[in-house]
Asker: 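Once you've had a glance at the structure underneath, I'll fire off some questions.
Residue numbering restarts at 1 for every chain, and letters A, B, ... go by the order of the sequence lines.
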Number of protein chains: 2
Amino acid sequence: MVPYVYDFTEGGRSMAALLGGKGANLAEMARLGLPVPPGFIVTTQACRVFLTTGAEPPSLAGELADHLAALEASAGRSLGQPDDPLLLSVRSGARFSMPGMMETVLDVGLTDAGVAGLAKASGSDRFAWDSYRRLLQMFGSTVMGVDAELFERALARLKEFVGAPDDVSLSASDLAELVDTYKALIRDETGEEFPQDPAEQLRRAVRAVFASWNGERARVYRRRAHIPDDLGTAVTVQRMVFGNLGSASGSGVAFTRDPATGRPGAYGDYLPDAQGEDVVAGVRNTVPLAELERLDPNAYSHLMGHLRVLEQHYRDLCDVEFTIERGTLWMLQTRVGQRTAEAAFTIAAALADEGRIDVDEALTRVGGDGLARLMFPRFDASATGDPLARGVPASPGAAVGAAVFDSAEAARRAARGEKVVLVREETTPDDLPGMVAAQAVLTARGGKTSHAAVVARGMGKVCVCGAERLAVDVRGRRLVVGDTVVEEGAVLSVDGSEGAVYVGAVPLMDSTVMRYFETGERADGVVDAVAGALDQADRVRRLEVRANADTPEDAARARRFGAQGIGLCRTEHMFLGDRRQLVEAMILAHTDAERERALDALLPLQRADFVGILTAMDGLPVTIRLLDPPLHEFLPDHTELAVRVATAARPDPHDVALLDAVERMHESNPMLGLRGVRLGLVVPGLVAMQVRAVAEAVVECRRSGGHPRAEIMVPLIATVEELRLVREEVERVLAEVSASSGLTVDCPVGTMIELPRAALTAGGIAAEAEFFSFGTNDLTQTTWGFSRDDVEAAFFSAYLAKGVFPVSPFETIDRQGVGRLVESAVAEGRAARPDLTIGVCGEHGGNPESVRFFHDAGLDYVSCSPFRVPVARLEAGRAAIAAGDGPGAAV
Amino acid sequence: MVPYVYDFTEGGRSMAALLGGKGANLAEMARLGLPVPPGFIVTTQACRVFLTTGAEPPSLAGELADHLAALEASAGRSLGQPDDPLLLSVRSGARFSMPGMMETVLDVGLTDAGVAGLAKASGSDRFAWDSYRRLLQMFGSTVMGVDAELFERALARLKEFVGAPDDVSLSASDLAELVDTYKALIRDETGEEFPQDPAEQLRRAVRAVFASWNGERARVYRRRAHIPDDLGTAVTVQRMVFGNLGSASGSGVAFTRDPATGRPGAYGDYLPDAQGEDVVAGVRNTVPLAELERLDPNAYSHLMGHLRVLEQHYRDLCDVEFTIERGTLWMLQTRVGQRTAEAAFTIAAALADEGRIDVDEALTRVGGDGLARLMFPRFDASATGDPLARGVPASPGAAVGAAVFDSAEAARRAARGEKVVLVREETTPDDLPGMVAAQAVLTARGGKTSHAAVVARGMGKVCVCGAERLAVDVRGRRLVVGDTVVEEGAVLSVDGSEGAVYVGAVPLMDSTVMRYFETGERADGVVDAVAGALDQADRVRRLEVRANADTPEDAARARRFGAQGIGLCRTEHMFLGDRRQLVEAMILAHTDAERERALDALLPLQRADFVGILTAMDGLPVTIRLLDPPLHEFLPDHTELAVRVATAARPDPHDVALLDAVERMHESNPMLGLRGVRLGLVVPGLVAMQVRAVAEAVVECRRSGGHPRAEIMVPLIATVEELRLVREEVERVLAEVSASSGLTVDCPVGTMIELPRAALTAGGIAAEAEFFSFGTNDLTQTTWGFSRDDVEAAFFSAYLAKGVFPVSPFETIDRQGVGRLVESAVAEGRAARPDLTIGVCGEHGGNPESVRFFHDAGLDYVSCSPFRVPVARLEAGRAAIAAGDGPGAAV
């Protein structure tokens, strides 16, 4: 039979599922011979039995007794032994860290009969009574269900009564009195005495830890962190050691390297005469770890040795908690430590250089989110004061500029060479020129997937959004936060990584990593580490990485950043700006002739757009999407226009015509309306114009000696019939241009898979498509039935808070729902057409967790904004290593 | 090797896939010994080879020659024989009827050398030359690709030149001259002579029929009719017979019973001295079939015998085409005949009574669409004149009333007992009272799934929508069609079955079938037939049928119509009318207290609603859906309000507050916004109020001795977490009401499956749901990515016209896409919870083809509007028989 209890010496690091993370690592340290206070672990399996049956497994009591006996034998004293009682800590420890979410009971084993013995053995009455009242307090609330508040109030009353300013000032007799008060409290509240049987204390404490798995806090935490509900927690039972037994005792935390910079050498804090809790609580000031060398050279030297052993053994940065009890060092916890992005890259590279890990493993130690952070300038942390406001860190980096409150002013000042921060209540497509001109975008409304956030991330602009304290007064050209007024032109500093805004100019530190991508310059060790990781990622990855780019400038940048083509070239941005009039004319056309005139005027402009992009990406694929958004997006807002017409003394006839068109085209749900391929099938000549522009651009590039590789992508396909009809028209136009130019123009035709029905009928659609590109933004919208434009304000924040989902499915792909559609579409598409090329061009293409999913799903490429290209390269490499199926793997 | 050519004597009715429908039935008649002109059939397989390889199968020529030789032997004359040439008809015939979509060549085999012989053999020079010019015309255009228009023009010029008023007036020599003209035309246009080799004519005619499968018309037809593109057509080659050889010749069509009423006895039309085409073309007046008895008693008696044989053999109404050539009767075509709904029920019942078919088969011979037509009053067909306008037949039946142009006027007149027709440009939810009051609804815009159509069908009101010629002048209280002006109060007659509108009162004939459902009265034989079919359907069906009903009146009607419960009780309609103010107060609440006051006021009203419905459905399940629509639907329109506020001298403060709320709640895509379960999770107290109203209603009904069976349904679930959170609240309230009432109130909690993600994660959702109800309206919207409110105007008509889909997926469930989600959700839901109850409550629940799908998918019930309940019962029975898995089947 599998045991329910493991001694530390029987466990190990690989057993976290059964022993919990904390227990497994304690066991590992014990096996390494490090000084761990002896103890044992009750398994998560025992907890699961308890949670499902409501009772401990029958054999648990016997196992507990056996392990306790062994512990007593090794300690040379026993639980409840009056002259020197053995005390135990009983702690939760789940497979995945859930800090502070479950219960802990310390000093288990202390009884009325044992206090005097503990006092004598420790040489401190006060220590003994303080330990006892702590046990009563923790056990009373955690195990016996007394409101914790009642204990706090009794403590406060006592301090008030004796005039003690803090706990430390209470004397042994004060604490003895408090013990009586606590015992009475427990009796009154529960009708039961505090149990004087130490074995019963232990049994009930273990049970309370089990039960705390299903506490309200723990459940909400798990829902948010997406930790399954049925894992259960392990319980670590361990001999208590005490850092609060005088100046030869103390507690501390240590790292094997600097977790901020990755520099080698131990790093940490120490607090003499204190328990571990006191270090964390920060009531007294700690001293740097180096100081321990002076205070206790012997313990320090042991600690340094242990840290070396741990880093050698774990082959990574470790952090530890330790306690020194009267000169004896005890290791209480270790784990692979958290670190900054800079440290992650530096340490991984160093460990690989030292031969401790290989280059593949080094790559698994770094991540795309960290790389993204390193690509942005930062504020000098020493120079920031209190922020003016905080908001959502929507697009990382730091920027300084003059506050401006509309797009036109932003453009005006930027044209003069001024740096500006565009401040808006929220942004709309009309703010695009201002966003282009600005260093940073700051909004008072909207979250991580608001227009401002999405567009800013796409452009690589700094963005803080949803800074709700901001009152943006566009007419008054100022913003107000409480008493502070920021007038137009005043300088703001925006930290998009932290979500903070400062008044005045905070000194900026440029990103050396970004400079490396732009120029190839290797300015420091972080850059070397990043470059090494990317080289290795490029060697092992199977996913290609393309970029979403609509201009020659973006295309050129994407190439510098390592893009292997353009996976999404949107054509709608090419319909804005000074072409708006032509687009309006096309929409308002009353006759075919009027519409054709407008399209004819657009043709050479579109052609020039494509020539520029194809030239910048010469030799690499450029996937051009036919016009996608509803046409009314190119017209003014309905309500604004209606009010303007209704309130004008003599309405502008153009406004009246526009209003009429807007009303004719009004849709209650434009996201589900006339857009994508539907436009192409309903607006005569539109597809033909765009395809002709592509084909003529290809001819022009080839005549100049280029190797253009244009692909034509049809958006919003729901059924293969739509694709078949558009494909016929595309082929007709390509044949015409081939005939007139004398060059064979042959562009692959493919489709977005962005509606559930397209994914569900992918096998049929593949018959007419040379490639698929998943539009996971729209696919997420329709699969979940919520619009990205609307969800933020209405219920997304409530959903995240309630843990309905742990992260927005617009940010990280929803594997269960959307992911399932992706997987089946890949399988059925490839079954129908084995050489089908499959990519993704939604925002998810640059999201680390999503890239791993796309690798696993068997896609050929991901496409993302140019700035995310290195992130996607890195993650594609990591995914190949994780899956063991990169090109180097023996498949 | 499988042959590519079958003699009629080798084929039969079951071989339609290989021989086409026409060929298979000709072969069947030949096998039955009926006089069919001898011939053979080139298979669809030969066609498929031709279509995929571009050439006939190599062995085809030899087979054709062999069969031709046999035909010549049986006819005693041969192709091209100068003194009496054998002539052939070469016709297309696919597996599914595609009338007029493919090519036919008649008189194949005639040449310059054969005309004189034909003249002599037939005794008519004119007949011979006319036959030749017809061959040239058909062969020239169909086979040789000459523009058919050129032949028509040459014919027209000749008639003008000789002064002939019609073709019949052309003499033999005129026609001989025309033959020369046609031959020259062919030569000039193709550079080739008309082939004088009869075998070549045959070969090329067969190939032309093959090729016509892929003609533009045929492809569009197939796309619309959803006929696969790869079936190909068969080619029937048959000896020509001629009904135009004098008064002892003629052609006709006949039915074995009256296809309009189902009355037994032959029925048809005859045209002496004419070919079959002339009967169809209707240039001359036909005589009733009975007249043939006088004209040619012998042929008539043979025909009657053949009709009896056919009906006996096919065990169904058959129609035939026949020709009499100089006293000899030839059968040219037969098939199971089309019929009216009345005839379908009557004939099925009669055949079952006669023991010719069993009751199960009788049930397969009738359909829900027909039953629905029989449930509505009809206009007396003899009394209608020309319609004022035509539109979409959106909700069947016929109604007469005074034209009114707004909802208030409709309600006013209806309150006085007047019958009215509500005429609107299009309808909105504000028109609901008027629609309730009206006999019929008539709109100028919108299709079968527009608001007017959907709501009218739900109410069982007559509706014609999208009657585009109507100019509705609401302010002028009139409508205008061309020169006709209909003022308010003038009488209109609306035929919702035919989509026609008449000025004045057309006499109405009540539906005896409807009267039967309402009262049980059996007024005529059609009712008996319908009742018999429904009895049998109820015996065999496995699907339960529930109704969508929101009021006690609807619930009571549904019960009369045979509903076994309510599958969807919407609560939003209960928030309209005079409760709007309370709902507004709830929405506009600034504090929790204000909101609670509004909810408290709504509670007793909701409870009373539920008491009424539960009482009407006592003992049967009533599935109550929590509030679903976005809250702004209870507020005024944004633009209207904005204009009102902007143009008012002193804006109403209530309007200003409303405008503010509307703007705060504005969503660009409300269908994808804050609605369904999201409301329940975001608006505090809403779920609790509704659940309390349900629970208290259950208590009240039980205290009055009833057996209420309320179920609570949560709309718009995307993830199981949402359901879990709502379920907790539902259980809390049920426990409270149980505690306070002393009765255990235990309502099953289930969910709509109406988002793709819910279907994709149905296994997980089933853990928290006692039942699923597919909301296929929303599921169709999100799976296809188009909104039902928007699609009509924008692109649906274009899509139907282009054949992108053959029928709106909102009308008939889309098996490939939406259906696939339904199937997988059923499988995974049942796997997770074997006793899960599964139904559907979208509009599809009352659609015949969809009901069959839901049976096949293994649902437990369908729910539809009360008026569709008999339709669903009938179709559920038919589905069980078709699938062979009704309760009577040995499974």
Asker: Residues two or more places apart in sequence or in another chain: which of them pass ring-ring contact (aromatic ring centres under 6.0 Å, His included) with B:His632?
Answerer: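 With sequence neighbours excluded, B:His632 shows a ring-ring contact (aromatic ring centres under 6.0 Å, His included) to no residue whatsoever.
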Asker: Do B:Thr783 and A:Thr782 have side chains that get closer than 4.5 Å, going by heavy atoms?
Answerer: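 Sidechains of A:Thr782 and B:Thr783: no contact.
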Asker: Which residues satisfy the side chain to side chain contact (heavy atoms under 4.5 Å, CB included) test with A:Glu828, sequence neighbours excluded?
Answerer: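 A:Ser824, B:Arg820.
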Asker: Which one, B:Gly676, B:Gly817, B:Gly785, B:Ala646, leads in non-hydrogen pairs under 4.5 Å with chain A?
Answerer: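 Of B:Gly676, B:Gly817, B:Gly785, B:Ala646, B:Gly785 has the most heavy-atom pairs under 4.5 Å with chain A.
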Asker: Which bit of B:Leu725 is near chain A, if near means a heavy-atom gap under 4.5 Å: side chain, backbone, both or neither?
Answerer: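 Just its side chain gets close to chain A.
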Asker: Of the listed residues (A:Glu640, A:Glu722, A:Gln816), which shares the most heavy-atom pairs with chain B below a 4.5 Å separation?
Answerer: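 Among the listed options, the one with the most contacts to chain B is A:Glu722.
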Asker: Please determine whether side chain to side chain contact (heavy atoms under 4.5 Å, CB included) holds for the pair B:Tyr799 and A:Arg678, giving the CA-CA distance in whole Å, both sets of side-chain angles, and the decisive distance to 0.1 Å.
Answerer: CA-CA 9 Å; B:Tyr799 266 38; A:Arg678 300 160 191 173; 3.3 Å; yes
Asker: So, taking the atom named CD in B:Glu667 and the one named CE in A:Met671, what distance separates them when rounded to the nearest 0.5 Å?
Answerer: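 It is 12.0 Å, given to the nearest 0.5 Å.
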Asker: Side chain, backbone, both or neither: which part of B:Asp778 has a non-hydrogen atom closer than 4.5 Å to chain A?
Answerer: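 Neither part, no heavy atoms under 4.5 Å.
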Asker: Measure the CG-OG distance between A:Leu672 and B:Ser787 for me, rounded to the nearest 0.5 Å.
Answerer: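 If we round to the nearest 0.5 Å, A:Leu672:CG and B:Ser787:OG are 5.5 Å apart.
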Asker: Is it true that, when you exclude B:Glu468 itself, more than 12 heavy atoms of the residues, nucleotides or ligands shown sit nearer than 6.0 Å to its CD?
Answerer: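 Check fails, neighbour count at 12 or below.
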Asker: What pair of heavy atoms forms the shortest contact from B:Pro756 to A:Pro756, and how long is it?
Answerer: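 Reported closest heavy-atom pair: CG-CG, 3.7 Å.
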Asker: Among A:Asp814, A:Leu679, A:Val720, who wins on heavy-atom pairs under 4.5 Å with chain B?
Answerer: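 Option with the greatest count: A:Asp814.
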Asker: A quick test of your reading: do over 12 heavy atoms of other residues, nucleotides or ligands sit less than 6.0 Å from CD of A:Glu731?
Answerer: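 Check passes, neighbour count above 12.
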Asker: Just how far is it from atom CG of B:Leu760 to atom CH2 of A:Trp784, taken to the nearest 0.5 Å?
Answerer: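 So the gap between those two atoms works out to 11.0 Å.
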Asker: When rounded to the nearest 0.5 angstrom, what distance separates CZ in B:Phe786 from CG in A:Leu755?
Answerer: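 Reported value, rounded in 0.5 Å steps: 9.0 Å.
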Asker: Do B:Thr639 and A:Thr639 have side-chain N/O donor and acceptor atoms under 3.5 Å apart?
Answerer: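 A:Thr639 and B:Thr639 do have a side-chain donor-acceptor pair below 3.5 Å.
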Asker: Relative to chain A, which of B:Val804, B:Val643, B:Thr719, B:Val818 shows the most heavy atom pairs under 4.5 Å?
Answerer: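 Option with the top pair count is B:Val804.
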